[in-house]
Visitor: 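This is the structure I have questions about; it appears just below.
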Amino acid sequence: MPELPEVRTVASVLKKELINKKITDVKIIYSKIISKDSLDINLLINKTLKDITTIGKYLLFHFDKYILISHLRMEGKYFIKTQDDSFEKHEHIIFNFEDNISLRYHDTRRFGRMTLIKKVDLHKVNSLKKLAPEPFTINKEDFYQRINKKDVSIKTLLLDQTIINGLGNIYANEVLYVSKINPSRKGKDITLKEASTIIDSAIDILNLAIKEGGTTIKSYTSSLGVIGNYQQYLKVHKKENEPCTFCHMPIKKIKINGRSTYYCPKCQK
DNA sequence: ACCACCTCCTGATCGC
DNA sequence: TGCGATCAGGAGGTGG
């Protein structure tokens, strides 16, 4: 369930539970979660977790000399449990920590990936190198320049993490709705002013989502969900045929580049 | 270089 | 009800 706000929420909750704890054991149940170019995950045994940070949708677990990079993709989740030799269906990687804590990586569709790297190699990681800035720090002029020549829909461009980092399908839909921009319009037809509006909307929406994600995390006495409660704020995503909050026309659903896209045909020009 | 499409997976839901 | 088809908050790889 990972877009930028959910990933940040996961990071902050995990940090509270795991910071300064030492890993005592690692179990790899489904090894494809670990990318081919990863160092051996067992190197983390006896290492102490120093910090957890995020870059867009990536989670970074920092150790003295190593960083574990984790991307949840569609359905990756972390659960905190007490140690137990058994594991549930869809738990693929288990990190046991001191104090009887067990961190479980759970991923129904198995799309998520983890890579262990040396800290000194962080700047060499291809997937991270290509990322654009997050909406909070992006330069509007640079963003405009990146979309300016593209013969691709603005919806597709907002999902491209090298154009802007952190939006997924839900927030891309929401951002364009609030910005009153039709998702099918080509990047090259978006004006600087519209590009600026997109960034402002993205910041507002993500900030609210981060705030809500932080307040709506489920109790994690035995497990840690990543479930935010931002659904209640969604205005277009999954709202096909429901009235537009501005003009009351029914929201339409179409496919753009294979992804479900919701918009108001009247308000989004 | 750019861009549309395929692929990786499982499970819930849709439609006939 | 049964069952195959489609869909789901992502992104890397491929090939035109």
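Chain naming here is simple, since letters A, B, ... match the order of the sequence lines and numbering starts at 1 in each.
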Visitor: Regarding A/E141 and A/R146, does a basic nitrogen lie under 4.0 Å from an acidic carboxylate oxygen?
Guide: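 No, this pair does not count.
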Visitor: Under 4.0 Å from any heavy atom of chain A: name the first and the last nucleotide of DNA chain B that qualifies, 5' to 3'.
Guide: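 Taking any atom under 4.0 Å from a heavy atom of chain A, the span is B/dC3 to B/dG11.
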Visitor: Does NZ or CZ of A/K235 lie under 6.0 Å from the centre of the six-membered ring of A/Y262, at an angle within 45° of the ring axis?
Guide: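 Judged by the rule, A/K235 and A/Y262 form no cation-pi pair.
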Visitor: Could you tell me whether A/D151 contacts a base, only the sugar-phosphate backbone, or nothing, with contacts defined as non-hydrogen atoms closer than 4.0 Å?
Guide: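 Touches sugar-phosphate only.
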Visitor: Report which part of the nucleic acid A/T156 touches: base, sugar-phosphate, or nothing (heavy-atom distance under 4.0 Å, all strands).
Guide: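 Touches nothing.
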Visitor: Determine the Euclidean distance between corresponding P atoms of C/dC7 and B/dC5; express it in Å to zero decimal places.
Guide: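 Here B/dC5 and C/dC7 have their P atoms 14 Å from each other.
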Visitor: Looking at DNA chain B, which of residues 28-36 of chain A put a heavy atom within less than 4.0 Å of it?
Guide: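 Only A/Y30, A/K32 qualify.
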Visitor: Are A/S153 and A/T156 close enough that a side-chain donor and a side-chain acceptor fall under 3.5 Å?
Guide: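 Judged by distance alone, the side chains do pair up.
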Visitor: In the structure shown, which nucleotide is the Watson-Crick or G-U wobble counterpart of C/dG10, with both distances under 3.5 Å?
Guide: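 Partner of C/dG10: B/dC8.
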Visitor: Look at A/E91 together with A/K81 and state whether they make a salt bridge at an N to O cut-off of under 4.0 Å.
Guide: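 So A/E91 pairs with A/K81 through a salt bridge.
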Visitor: Quick one: do A/E194 and A/R185 make a salt bridge, cutoff under 4.0 Å?
Guide: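 Yes.
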Visitor: If you take the centroid of each ring, where Trp contributes its six-membered ring, are A/Y78 and A/Y105 closer together than 6.0 Å?
Guide: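 They qualify: ring centres under 6.0 Å apart.
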Visitor: So does A/I55 get a backbone contact from the side chain of A/E134, meaning a donor-acceptor N/O pair under 3.5 Å?
Guide: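 Flag not set: sc A/E134 to bb A/I55 has no pair under 3.5 Å.
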Visitor: With P as the reference atom in both, quote the distance from B/dG11 to C/dA11 in angstrom, rounded to an integer.
Guide: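 Roughly 22 Å separates the two P atoms.
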Visitor: Between B/dC6 and C/dT6, how far apart are the two P atoms, rounded to whole Å?
Guide: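 To the nearest whole Å, 13 Å.
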Visitor: With a 4.0 Å cut-off on heavy atoms, is A/K186 in touch with a base, just the backbone sugar-phosphate, or nothing at all?
Guide: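 The residue A/K186 makes no contact with any strand.
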Visitor: Under 4.0 angstrom, heavy atoms only, what part of the nucleic acid is A/K253 near: base, sugar-phosphate, or nothing?
Guide: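 Answer is sugar-phosphate: A/K253 comes under 4.0 Å of backbone atoms only.
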Visitor: Measuring only the P atom in each nucleotide, how far is C/dA5 from B/dT7? A whole number of Å is fine.
Guide: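 Nearest-Å result for C/dA5 against B/dT7 at atom P: 15 Å.
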Visitor: Reading nucleotides 10-16 of chain C from the 5' end, what letters show protein touch, with B for base, S for backbone sugar-phosphate only, - for no heavy atom under 4.0 Å?
Guide: BSS----
Visitor: Both distances under 3.5 Å, Watson-Crick or G-U wobble: report the partner of C/dG4, or none.
Guide: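 Result: B/dC14.
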Visitor: Kindly say whether the aromatic ring centers of A/Y230 and A/Y171 come within a distance under 6.0 Å.
Guide: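 That pair passes the under 6.0 Å test.
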